[in-house]
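Before any comments, here is the structure.
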Amino acid sequence: MSIYIHLFIASLFWGLNVIVMKILLNEIPFLFLASLRVLLSCLCLYFYMKVKHIHREKIEISHVLMISLFGIYLNFFFTFCGMQSVKGVDNALINALSPSITLLISFLVLRNHLTKNEIIGVILSLFAFCLSIHFQFLSLKLGFYFMLLGSLCYMISHIYIQKNKLSHSFSLVFYQLLLGFLFLLIHALFLNQVNLSIFYHISFFYWILFIVISGIGFAYIQVIYMKAVNSIGALKTSFFLSFNPIITYIGSLLFLNEKIDYLHIVSFIILIISIVLANHSKNN
């Protein structure tokens, strides 16, 4: 199967995961759900590494701590906290901002030079976000800021990996998931959010969705991401995965019964243009 088809399926998993989490947040406390999500992903990745005979490498504990703290614990804490009050459509738009925010962080932290097209792409994406909220900044729910913080923490972890020239290997992903799960579980226990009775109260269908989309799906995304980077390069890989918010948007309309806002559609078109511009500049 072509790597591009695999990337499309990975985007499908990534986009639908938001919908599944939104549904389950009505039934499960957010920190407990986040810890279950990370644990399931960790187990799926572990079994994949076992089947493929991928040996775990030794990685400096300080690196794992930093990446787990920002990339998993803080990312999932803020994201799941914000997801409770933010619509799936708005969630998709926040995720679509990630490439532009990454460019800004790379410029500010790593001093990476931004091309003219990248600068235009960043400006367009920020304009698209402002358009999607009707420029009503004062009326934004607190969940928006939590979601943005979660996205920021995730990107900081990737900037840390890049700055320290770490290999984005299966071992690194496995260790950060394992440690991130422990952080989330301890926090959930502290807030008394761990409730094992939910395993009996939630429908079997929802658990199947959770396992397939959030567990197996995440492991699939990681595997395809690394294969795609080796096959077509990190640039084209990130370009294809940047379209996963569109899946979330469509899923929000179909499964969460959210209303169509034509400004959201215009915003997505502008965001797609900004992503194409930013990637086109690097291809040249």
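Here the CZ atom belonging to F78 is positioned 9.5 Å from the CG atom belonging to L152, to the nearest 0.5 angstrom. To the nearest 0.5 Å, the span separating OG on S35 from CD1 on I72 amounts to 12.5 Å. The distance from atom CG of L178 to atom CZ of F174, rounded to the nearest 0.5 Å, is 5.0 Å. Separation of atoms CE (M83) and CZ (F30) is listed at 11.5 Å; rounding is to 0.5 Å. Annotation: the span from I213 atom CD1 to L24 atom CG amounts to 11.0 Å, rounded to 0.5 Å. Between the CG atom in N26 and the CD1 atom in I202 there is a gap of 10.0 Å [rounded to 0.5 Å].
Annotation: side chain of L74 is not in contact with side chain of F183 (no heavy-atom distance under 4.5 Å). You'll find the side chain of M21 reaches within 4.5 Å of the side chain of F80, heavy atoms only. Between I161 and L172, the closest side-chain pair of non-hydrogen atoms falls below 4.5 Å. Counting only heavy atoms from C-beta outward, the side chains of I216 and I211 approach each other to under 4.5 Å. Side-chain contact check for T79 versus M147: some heavy-atom pair is nearer than 4.5 Å.
Looking at N195, L189, L191 one by one, the single match for side-chain contact (heavy atoms from CB on, under 4.5 Å) with Q193 turns out to be L191. Between F32 and the options N192, V194, L184, a side-chain contact (heavy atoms from CB on, under 4.5 Å) holds for only V194.
Within a 6.0 Å sphere centred on CZ of F199, other residues, nucleotides and ligands contribute more than 12 heavy atoms.
Clustering ILVMFWY residues whenever any of their side-chain heavy atoms sit less than 4.5 angstrom apart, transitively, puts I186 in a cluster other than the one holding Y175.
Judged as a ring-ring contact (aromatic ring centres under 6.0 Å, His included), and not counting sequence neighbours, F181 has no contacts. Scanning for side-chain hydrogen bond (donor to acceptor under 3.5 Å, both in side chains) contacts around N17 gives R37, S214, with sequence neighbours left out.
Side chain of Q84 to main chain of C81: a donor-acceptor pair is present (N/O by atom type, distance under 3.5 Å, no hydrogens or angles).
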Which atom pairs, donor and acceptor, lie under 3.5 Å between side-chain atoms of residues 43-70 and protein residues at least two apart or in another chain?
from: E60; atom 1: OE2; to: S62; atom 2: OG; distance (Å): 2.8
from: H63; atom 1: ND1; to: Y160; atom 2: OH; distance (Å): 2.8
from: S68; atom 1: OG; to: V64; atom 2: O; distance (Å): 2.7
from: S68; atom 1: OG; to: Q176; atom 2: O; distance (Å): 3.3

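The six-membered or imidazole ring of W207 lies near that of F210, with a centre-to-centre distance under 6.0 Å.
Heavy atoms only, all atoms of each residue included: G180 and V38 are closest at C-CG1, 4.5 Å.
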